[in-house]
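First the structure, in the form of structure tokens, and then the observations on it.
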Amino acid sequence: MKIVKKIFAFISIFLIYLVIKELLGLYAYARSIHPYAGYALLFTIFCFLCYFVFIPIFKIIRIPKRYAPTRDPQKIPNLINLRIKNYKNNPFLKRSDFDFTSVSMDKDGHDKIVQFLEPEMEKIRKKYVTQVFYSTSIAQNGFLDAVLILSASVNLVKELFQLYHGRVSNRDLMRIGKMVYYSMAIGGSEGVEYATDEIATKVFAKGIKGIPFASKILGSIADGFVNAALLTRISLITENYCKFIFIESDRALYPSYRTIISTTRIITSDLIEKIFAEVKHLAKDKTSQIILTTVNPVGYVIGKAIHRFADSSEKLTPQQREFLRDTS
């Protein structure tokens, strides 16, 4: 097992090398436009990382350590008691006027609180997984994909810990950080590029393959879907750390690949449906818009689809609608 981990660690280093290579390509392109454009690009990336990665990591570290599933059955009652006492100071539960008088100090009481937090937890997951899906589909650059996955992962983990009003131990936090690193390396290196055709065929509709730009759009959607699935995995594992009371081994924290794919598909299905509808609409459009799409067909189609999704979906709040319209 240790040999497998070492091999995987070596492969991840190679994937990070590919990510850095993508960054150098971006820098060289910016420098070709103007010498100072390269420095401006690096400064912008640094500011982005500070605001969306380093500051959230600092906030995560400051969250009190309160959660860790136990492997000792005898410690279950004490852990339940500590968690329920902590939940009584949970800001989200206080704002929601949660009734603690009906909560017993046992597993049923703990499960009742966790069940109440479930919808908000799913809302957080959907927000970041959807963002990674459409942003990496449009970005089409390994380094940008890596930065977007890293930023979304860190902020998603932070918001989940804030929701449960506590974080895992430093040791478990390092494990989650390692998963974020591997996801960033895989998604940012375009290492999944060879699998996108198969994913596009099996997961998405086959009816648009004869449409202009369809192969490029399908590849971009599949790439975004894989990146979204990587983030979904991080989300589910972090949630399990916060929800589970007893585990026999760490393997219990890790969801199956079927669960990850199905969860990601449920989250992104509405937007994917709008993208396909937009592609089919474009195929019938004989106006100058077709010429416009040759510049950036992926960005154009996904932008239009996001706008339609924001207007028609009944699952979105007014704030989410406005955010998606600005994004499109």
Side-chain angles (χ1 to χ4, degrees), residues 1-2 4-6 8-9 11-13 15-16 19 49 52-71 79 83 86 90 92 114 117-118 120-133 136 145-189 226-257 259-261 263-264 267:
M1 190 66 182
K2 289 183 178 180
V4 174
K5 288 182 177 179
K6 287 181 179 180
F8 197 73
I11 293 173
S12 71
I13 293 172
L15 296 178
I16 289 294
V19 173
L49 291 174
F52 290 104
V53 178
F54 300 141
I55 293 177
I57 288 176
F58 178 71
K59 290 181 178 179
I60 290 174
I61 294 172
R62 292 188 61 186
I63 297 173
K65 292 176 284 186
R66 293 194 178 105
Y67 289 97
T70 182
R71 292 171 177 78
L79 178 59
R83 284 195 177 186
N86 176 54
N90 187 305
F92 176 79
V114 169
L117 293 171
E118 194 88 17
E120 185 65 20
M121 177 199 66
E122 291 176 354
K123 192 182 297 183
I124 293 171
R125 183 202 306 148
K126 181 171 184 177
K127 177 177 74 171
Y128 286 105
V129 170
T130 304
Q131 284 179 10
V132 165
F133 169 69
T136 57
D145 285 357
V147 170
L148 291 166
I149 293 170
L150 174 61
S151 170
S153 300
V154 170
N155 284 278
L156 181 145
V157 170
K158 181 198 71 175
E159 289 196 24
L160 288 176
F161 285 153
Q162 288 175 338
L163 176 65
Y164 284 94
H165 197 47
R167 69 170 174 87
V168 296
S169 65
N170 291 335
R171 177 171 169 268
D172 291 331
L173 193 61
M174 288 297 294
R175 289 182 175 178
I176 295 174
K178 188 182 292 185
M179 286 183 285
V180 172
Y181 164 75
Y182 286 140
S183 297
M184 181 184 68
I186 294 170
S189 65
V226 172
N227 293 331
L230 292 170
L231 185 62
T232 300
R233 180 174 183 269
I234 294 170
S235 171
L236 293 174
I237 293 172
T238 305
E239 292 161 20
N240 289 341
Y241 267 111
C242 295
K243 292 191 299 184
F244 288 2
I245 298 172
F246 172 77
I247 57 172
E248 294 182 354
S249 66
D250 288 338
R251 183 170 294 182
L253 297 166
Y254 297 89
S256 66
Y257 78 91
T259 301
I260 295 169
I261 295 298
T263 304
T264 308
I267 292 173

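Basis for what follows: all heavy atoms, side chains included, without hydrogens, waters or symmetry-related copies. Quick caveat: nothing in here was measured; it's all calculated off a predicted structure.
Residues forming a salt bridge (Lys or Arg N to Asp or Glu O under 4.0 Å) with E120 (at least two apart in sequence, or on another chain): K123. Judged as a ring-ring contact (aromatic ring centres under 6.0 Å, His included), and not counting sequence neighbours, the contacts of F52 are F48. Take S256 and apply the side chain to side chain donor-acceptor pair (under 3.5 Å) test, not counting sequence neighbours, and it matches T259. Residues passing the side chain to side chain donor-acceptor pair (under 3.5 Å) test with S169 are D172, sequence neighbours excluded. Considering only residues two or more places apart in sequence or on other chains, Y241 meets the side chain to side chain donor-acceptor pair (under 3.5 Å) condition with none of them. Applying the side-chain contact (heavy atoms from CB on, under 4.5 Å) rule to I245 yields the partners I76, L79, I80, R83, K107, H110; only residues at least two apart in sequence or on another chain are considered. For F54, the side-chain contact (heavy atoms from CB on, under 4.5 Å) partners at least two apart in sequence or on another chain are L49, C50. Listed by chain and residue number, P69, R71, F244, D250, A252, L253 satisfy the side-chain contact (heavy atoms from CB on, under 4.5 Å) test with I247 (two or more places apart in sequence, or in another chain). Applying the side chain to side chain donor-acceptor pair (under 3.5 Å) criterion to N86, with sequence neighbours excluded, gives R66, Y67. Evaluation of the side-chain contact (heavy atoms from CB on, under 4.5 Å) rule for K59 yields I55, K158 as partners, not counting sequence neighbours.
Counting all heavy atoms, side chain and backbone alike, A229 lies closest to I261 at CB-CD1, 4.4 Å. The shortest non-hydrogen separation linking V168 to K65 is O-CG, 3.6 Å. A pairwise comparison of heavy atoms in V53 and S151 identifies CG2-CA, 4.0 Å as the closest pair. Closest of all the heavy-atom pairs between N155 and P56 is OD1-CG, 3.5 Å. Shown here for P255 and I260, the closest heavy-atom pair between the two residues is CG-CG1, 3.9 Å.
Distance check, rounded to the nearest 0.5 Å: CE of M184 to CG of N227 gives 12.5 Å. Atom CE in M174 sits 7.5 Å away from atom NZ in K178 (nearest 0.5 Å). From Y181, atom OH reaches atom CD1 of I186 across 10.0 Å, with rounding to the nearest 0.5 Å.
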Return all side-chain donor-acceptor pairs below 3.5 angstrom for residues 230-238, not counting sequence neighbours, or 'none' if the list is empty.
| residue | atom | partner | partner atom | Å |
| --- | --- | --- | --- | --- |
| T232 | OG1 | A228 | O | 2.8 |
| T232 | OG1 | T264 | OG1 | 3.0 |
| S235 | OG | E239 | OE2 | 2.5 |
| T238 | OG1 | I234 | O | 2.8 |

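No side-chain heavy atom of Q162 sits under 4.5 Å from any side-chain heavy atom of F92. Between L160 and Y128, every side-chain heavy-atom pair lies at or beyond the 4.5 Å cut-off. Residues K126 and E122 are not in side-chain contact: their nearest non-hydrogen atoms beyond the backbone lie 4.5 Å or more apart.
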task = Please test Q131 against K127 for side chain to side chain contact (heavy atoms under 4.5 Å, CB included), starting from the C-alpha separation and ending with a verdict.
result = CA-CA 6 Å; Q131 284 179 10; K127 177 177 74 171; 3.6 Å; yes

